[in-house]
Number of protein chains: 2
Amino acid sequence: MRKILLLVCVLCCVVSLRAMDHEGIVDETLADGRFPLIVAGRPTPVLADETDFPGVPRAIRTLLKDFGRVCGTDAVWETSPAGGPVIIVGTYGTPLIDRLVRKGKLDKKSLQGKREKYVMTVVDAPMDGVPEALVIAGSDRRGTMYGIYELSEQIGVSPWYFWADVPPVQHRDLSMARGTYTAGEPAVRYRGLFLNDEAPCLTTWVKNHYGTDFGGHAFYADVFELILRLRGNFLWPAMWGWAFYADDPENSAVADEMGIVMGTSHHEPMARNHQEWTRNRQAYGGVWDYTQNKTELQRFFREGMERARNTEDLITIGMRGDGDEALQGSTADNIRMMESLFADQRRIIREVTGRPAEQRPQVWALYKEVQSYYEEGLRVPDDVTILLSDDNWGDIRWLPGAAERQRAGGWGMYYHVDYVGAPRNSKWLNVTPIQHMWDQLRLTYDYGVDRLWVLNVGDLKPMEYPIDLFMDMAWNPQAFTAENLLDHTLRFCRQQFGEAAAPEAARILNLSCKYSGRVTAEMLDRNTYDLESGEWRRVADDYVRLEAEALRQYLTLPESVRDAYRQLVLFPVQALANVYDMYYAQAMNHKLYAAGLPEADLWADRVERDFARDKELSEEYNKVMSGGKWDGMMIQKHIGYTSWNDNFPADVLPRVSRLGDAAGTGGYVFEARGGTGTMEAEHYFAATDASGARWTVIPYMGRTLSGVSLQPYTAPTDGASLTYRFSLPEDVEQLKAVVAVNATLAFARREGHRYAIRLDDGEEQIVNFNERLNEQPANLYSVYYPTVARRVTDNTVTFAGKVAAGLHTLTIRPLEPGTVFEKIVLDCGGYRKTYLYGEESPVTRQPAQ
Amino acid sequence: MRKILLLVCVLCCVVSLRAMDHEGIVDETLADGRFPLIVAGRPTPVLADETDFPGVPRAIRTLLKDFGRVCGTDAVWETSPAGGPVIIVGTYGTPLIDRLVRKGKLDKKSLQGKREKYVMTVVDAPMDGVPEALVIAGSDRRGTMYGIYELSEQIGVSPWYFWADVPPVQHRDLSMARGTYTAGEPAVRYRGLFLNDEAPCLTTWVKNHYGTDFGGHAFYADVFELILRLRGNFLWPAMWGWAFYADDPENSAVADEMGIVMGTSHHEPMARNHQEWTRNRQAYGGVWDYTQNKTELQRFFREGMERARNTEDLITIGMRGDGDEALQGSTADNIRMMESLFADQRRIIREVTGRPAEQRPQVWALYKEVQSYYEEGLRVPDDVTILLSDDNWGDIRWLPGAAERQRAGGWGMYYHVDYVGAPRNSKWLNVTPIQHMWDQLRLTYDYGVDRLWVLNVGDLKPMEYPIDLFMDMAWNPQAFTAENLLDHTLRFCRQQFGEAAAPEAARILNLSCKYSGRVTAEMLDRNTYDLESGEWRRVADDYVRLEAEALRQYLTLPESVRDAYRQLVLFPVQALANVYDMYYAQAMNHKLYAAGLPEADLWADRVERDFARDKELSEEYNKVMSGGKWDGMMIQKHIGYTSWNDNFPADVLPRVSRLGDAAGTGGYVFEARGGTGTMEAEHYFAATDASGARWTVIPYMGRTLSGVSLQPYTAPTDGASLTYRFSLPEDVEQLKAVVAVNATLAFARREGHRYAIRLDDGEEQIVNFNERLNEQPANLYSVYYPTVARRVTDNTVTFAGKVAAGLHTLTIRPLEPGTVFEKIVLDCGGYRKTYLYGEESPVTRQPAQ
């Protein structure tokens, strides 16, 4: 039985993904036959060599703490067996693991020659004094570290425990099902992130959190740990104002120790940060132009190479213009320059490393215009990885054909979920739909691009989920299909929020990414969606619905999970729902203001309220959420772009207009369309009061906008009237009016209350609207009950004769007091009754005459 | 200065309302010249006579506790002055107050002969050993009690502190501005509630909370206290299964002591509960028919009158049929019977009280058919109050003319916010819009109905706000106008949730009452609103928006206020938003199922999810909110009515239908309307795969429903096609198709990726959809950036020649891999481009051929 399980596990885990791996193998049971991880709050000790490869001891010490995060007591690193079960951790090629291989406790074939692979297996009597052990063995140091972090995940520490405040699930007892588990080898060799465009959010937060004006080694160690927990191995460090190598000499050392392969971004050749050039430009001849300043630039390159000599760092070769600009000059000239540049850079590499250049991994980035050089025939030596890129919006620009895929250096992909550039920056929130990333990364891998995948993640937060998906796809892209893609979202949510909350959280997260990907907040404006067709309202409503659903879920979650949920799900939904509402309100304001409708002012208020709320939401993210831990991380401007650049001083309130007190009342002129017209009673053209009573709007009365009645109800109605004006686009054979009034009963006149109505100068018709609203047997069940319970009654009046196209006036005179008019509908032949009598028709205002 | 303030206060308070009275006179400052109420956590002591009128000492003891609720230390009842400031409480006519009047400390005219009036005034040296006092003096015992509770409110104890768990605001210090304050006299003499239809909610909750199978005196004392805090004085007790007088002899005694005037409902004559008849029917001759069983019924009446002799209780006279049914027999016979009944009942009153009948207040209720007797001429003696009623839905049925208003007994109004009867019960949530209640109560008062106002409140909860509004209007109806009505809602919210939260809470509460008043949950079904015009979606969206807004506010509130907010604002919004969503989803399910669309199943799921959530929300109300204090109060059925009656065993899941696995794919046939047609790419008529690739739906891809692409992207597309079928209602001069695809770049063919498209058997046209999606200068800013940043590109194809009305087929063949189709729009001349390419057109399915 055990053997079969083992086989099954090994087989299925070859294609497994992080967080999906070995699901369910660790739980709280302490049944016989399971390997104990935590018993009564005490973790099983760890046995490992302090002299394992660099990075492994550090990862082990993190694991010890992870046990503490789960059960309150850190695990202990044992130097010699104490008689009970232990967790043995080590790398193939170290004495501890080699001994287990020799004793037949580990399968040599599963480790030898493998890349970044771990095997996790429960063995009996691995050594004297150890009755049983969980062995985590790596094919190399990163394999071991991935095994360590896999165990962390299994015991309930999310890779996001620090970066998204995911609370480790607390356990007094934990055990693992016996078996052998592995995640296999990665499909993509270098898998990592690019911290980019780090100001103002990341810089401010790092200053607040770490106290440094740059990304120092404490900060980077936290980044590296996240990358390792996500089974990545690569980083391009932030480089707008920071210089990874220069700012803190410990940075490179910590990366090297932790097993993170550093690179420099697509436009920073030879392991030098661009800031090293900017800050010392004059010392290197002042000109970032290889044709003009070759010697000094070579010195600059050589120093970078010397510094990186003993690291695994991946060397970027080639060049762009100064500060990530396009190179000046003709393509032909630039190609010529690049050819000599490549030769010189590779010479420097050879001279510094003392070995052939092809033995030191290099990358050449085909970013923006650089890709055109390749298209024009520029080539790099076959061992250099050619880094392709997307269009900054997640679309792959170009992929190698079958023949081109054969090159030894292979291909890489530089992908974006954060972007600074035209048409507008995208630095505020994640705008990448899950499906879009999946579609293009599958494409990437299917076309043989598997040497380096690097993701531009901006400030890192709030790109948590796209980072997680990207790293998992980089490990095993082929495991992801159109059908199972959202299972990843589900697993992610299960890990962060628990089993029960996962389905709903995943549903919301998916829709959130979808909605935010339609158009970015930076590009969104009042004209993005269509007002007339109701599109604007629908998208705004959809967002608010999603917010309501997220808020509902937020309230069901334990307090401990709420900060994580806010970061990963709730905040982006709320923030964008609000921005959508703001621009929708602005669109309404502009439309109504242009038509002279006083409601314009209410929409202006709403724009201002939403604009203020935008600030409140960010403030809450920065100052309140997680006790203010992320202070500074959510200060990116996102309202008021006029070009791609966010170089405006602060978010800008969208322009609104108000009619104010000048709006007055009356003067509404409607336009019947599609055979019907709907007018709110409040929107009369003119109102004439009675001598002892005046027309009074009762705001919110009735089914839609309001009611209008002549008050007080004790005064006679003589002389009072309301007129409604409307235009007909064409002649109407038979015009009807449907008048909806509050279902007031005949309190003053038993025979019923009436109003007179006439069209233009036509004959008055008398409508008795409540003569059947009483308990007479003929009325009781058929008319009275169903009407009063719905509070509104309507009567239809047919006007005699054809009615010509053009302007008309309807005049209504109440004959008894207490009638509350709610809505008047014109039926030109196209009216179909609905409960709310239809949306109000297009309307403008002119002064009442 | 002080004198002026005093005058101003007295003047403005004559028309003041509860909770509006004297706003801002109490605050935390302890400045000179203010009267100290609480200093450093110690309340000012109260000085009063234990021998004041009944009810006053009890109210004082409640006030002492209210101080404790505010500052942690109950106030002390001093029997003699201890040298500091005191709060003197008493009733005009008692020695304590009369002495102050005699000393000129109180204005005799302000109290003598007044009804239920209090005066609250700060006086210096009211008696030996008291340097200053706040005097609360009532014109009568209820006046004194209202003054007491006014002070409670002023120091921060809401009338709803018990019934809605409103937390008293905590203060260490409180003082009052010197001055004289009064709320004047009430406009309506008897102002109160009718607990009605008390099963299952109120009965279950009373059992859970008080441990009794009936409403006992502990329960009623809590009700009475609420009524007094709201400045009411009247109650009709619950009478479905309970018998106020008979269940607990203490009930009547406590009412009498506390100053609550009891009545019996419109169909329970002579101070007897109907249950007393039901339970003892046989002992009284068995027949509730005055013509057949006069002697025994007179005995039944006389016992009631004897029991009530020494109370203030208001005696109901007249009769309806057994158990609130209409009387049998002809109107003429019934009128004759009633005339002798009135004479007999008044004779009994005279005999029992030993005084003329007109000296004992009586009421005759014109409820339902009884009103017709009045209309037919039946009259009661002039001293009897005639109780009119609304139609159970808040509309006044009839009002007296000027002459009729002159009768000595005056008129009363029996008003409903809870109702059991046709067309459907309304027992679950408040369904009364604020404006509607205001409109009809103003009408009521303006027509001279001012003797008795009684509100049917069902289980009392969740009718908190309409109760509050009703009682305030009963005190001073004329203070409420169309313009200032919502100020009441604002004050109510300020009192329950505090100043900062009040405006938003009031806005939500108003909309909540408005929306719930459109149609009750019991009457709502999938056909209530119109699906085709988008009305259903809009009302459902409006409700969810309101829920989101309530949830946002809920989260901003301190924990202590959240239970109150849930009861008064959040729960009704959430519960009804959910029911709306459920029926909307059912409407969608039925429509899509009828059309054979598999999406029907998703809507069926949504119906089931909402139905389950309905239970969860109620469960949360009953078991979680306020620590489960309201367990049982929210168990009313509200889903599944088929008649007015809730006699079905449990809420019923609305009927849904599912296509299930039989749905299959393809076969969609669209109908172009209004000159345009929109088809989701996933809704093809038929799909033909390539030999090495198959058409794959990518759920959620793109701007709306999904994307469809031929996968994998490495395989040739030869032979693959998608067809779309649609009908045109009329001939089209020039038909165009707009095809929206994901903005995939030309990764495989530099010249661009293409698809072929043809209409029916027409010529194929080749569309290259991404030839300009590249960084060539001509494309970069004009086409490339704006397109890729929005992720979708579209091309318009024009088909040659007129296209006839009827069915047509569009066939699309991709020529390169990787094209993700999203939407196909037909432009028959009426298409106006919008960001999401329009809502999908009407569609049905037929098996693909």
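Source: prediction; values computed, not measured. Letters A, B, ... mirror the listed sequences (proteins, then strands); counts begin at 1.
In terms of heavy-atom pairs under 4.5 angstrom with chain B, the leader among A:V431, A:D390, A:T520, A:L773 is A:V431. Annotation: maximal heavy-atom pairing with chain B below 4.5 Å, among A:L486, A:D581, A:N510, A:D446, occurs at A:N510. Of all the listed residues (A:E547, A:R397, A:E549), the one sharing the greatest number of non-hydrogen pairs under 4.5 Å with chain B is A:R397. With chain B as partner, the option from A:G707, A:A743, A:P786 having the largest number of non-hydrogen pairs under 4.5 angstrom is A:A743.
Proximity of a side-chain donor or acceptor of B:R552 to a complementary backbone N or O of A:Q574 within less than 3.5 Å is not detected. Judged by distance alone, the side chain of B:Q435 and the main-chain N or O of A:I698 form no donor-acceptor pair under 3.5 Å. Of the possible polar contacts, one joining the B:K514 side chain to the A:T704 backbone as a donor-acceptor pair under 3.5 Å is found. A:Y447 places a side-chain N or O within 3.5 Å of a backbone atom of B:Y713 that can act as its donor or acceptor partner.
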- Criterion side-chain contact (heavy atoms from CB on, under 4.5 Å) on B:L511 and A:Y700, from CA distance to verdict: CA-CA 8 Å; B:L511 285 178; A:Y700 301 101; 4.0 Å; yes
| message | Using the rule given for salt bridge (charged side-chain N to carboxylate O under 4.0 Å, His left out), can you reason through A:R791 versus B:D391, listing the C-alpha separation, both sets of side-chain angles and the distance that settles it, and then say yes or no? | response | CA-CA 11 Å; A:R791 304 187 186 283; B:D391 58 358; over 6 Å; no
Test side-chain contact (heavy atoms from CB on, under 4.5 Å) on A:Y835 and B:R518; report intermediate values, then the result.
CA-CA 9 Å; A:Y835 198 73; B:R518 280 176 173 164; 4.3 Å; yes
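With sequence neighbours left out, B:R703 forms a salt bridge (Lys or Arg N to Asp or Glu O under 4.0 Å) with no residue at all. With sequence neighbours left out, A:R694 forms a salt bridge (Lys or Arg N to Asp or Glu O under 4.0 Å) with B:E483.
How far CH2 of A:W393 is from CZ of B:R790: 8.5 Å, rounded to the nearest 0.5 Å. With values rounded to the nearest 0.5 angstrom, B:R545 atom CZ is found 5.0 Å from A:D541 atom CG.
The aromatic rings of A:Y785 and B:Y419 sit tilted relative to each other, their planes meeting at an angle between 30° and 60°.
With a 4.5 angstrom heavy-atom cutoff, B:N774 does not touch chain A via any of its atoms. Contacts between B:T696 and chain A at a heavy-atom distance below 4.5 Å involve the side chain alone, from C-beta outward. For chain A, no part of B:Y543 is nearby; none of its heavy atoms comes within less than 4.5 Å. When heavy atoms are compared at a cutoff of 4.5 Å, B:W438 approaches chain A solely by way of its side chain, counted from C-beta outward. Contacts between B:P400 and chain A at a heavy-atom distance below 4.5 Å are absent for every atom of the residue. Only the side chain of B:Y781 comes within contact range of chain A, judged by heavy atoms closer than 4.5 Å. Residue contact with chain A, scored on non-hydrogen atoms closer than 4.5 Å, is absent for B:K833.
A salt bridge does not link B:K368 to A:E775: none of the charged side-chain nitrogens sits closer than 4.0 Å to a carboxylate oxygen. In this structure, B:E532 does not pair ionically with A:R832, as no charged nitrogen and carboxylate oxygen lie closer than 4.0 Å.
Listed here is the closest heavy atom pair of A:L836 and B:V539: CD1-CG1, 3.4 Å. Residues A:I396 and B:L745 come closest through the heavy atom pair O-CB, 3.3 Å. Looking at every heavy atom in both residues, B:A548 comes nearest to A:L551 through O-CD1, 3.7 Å.
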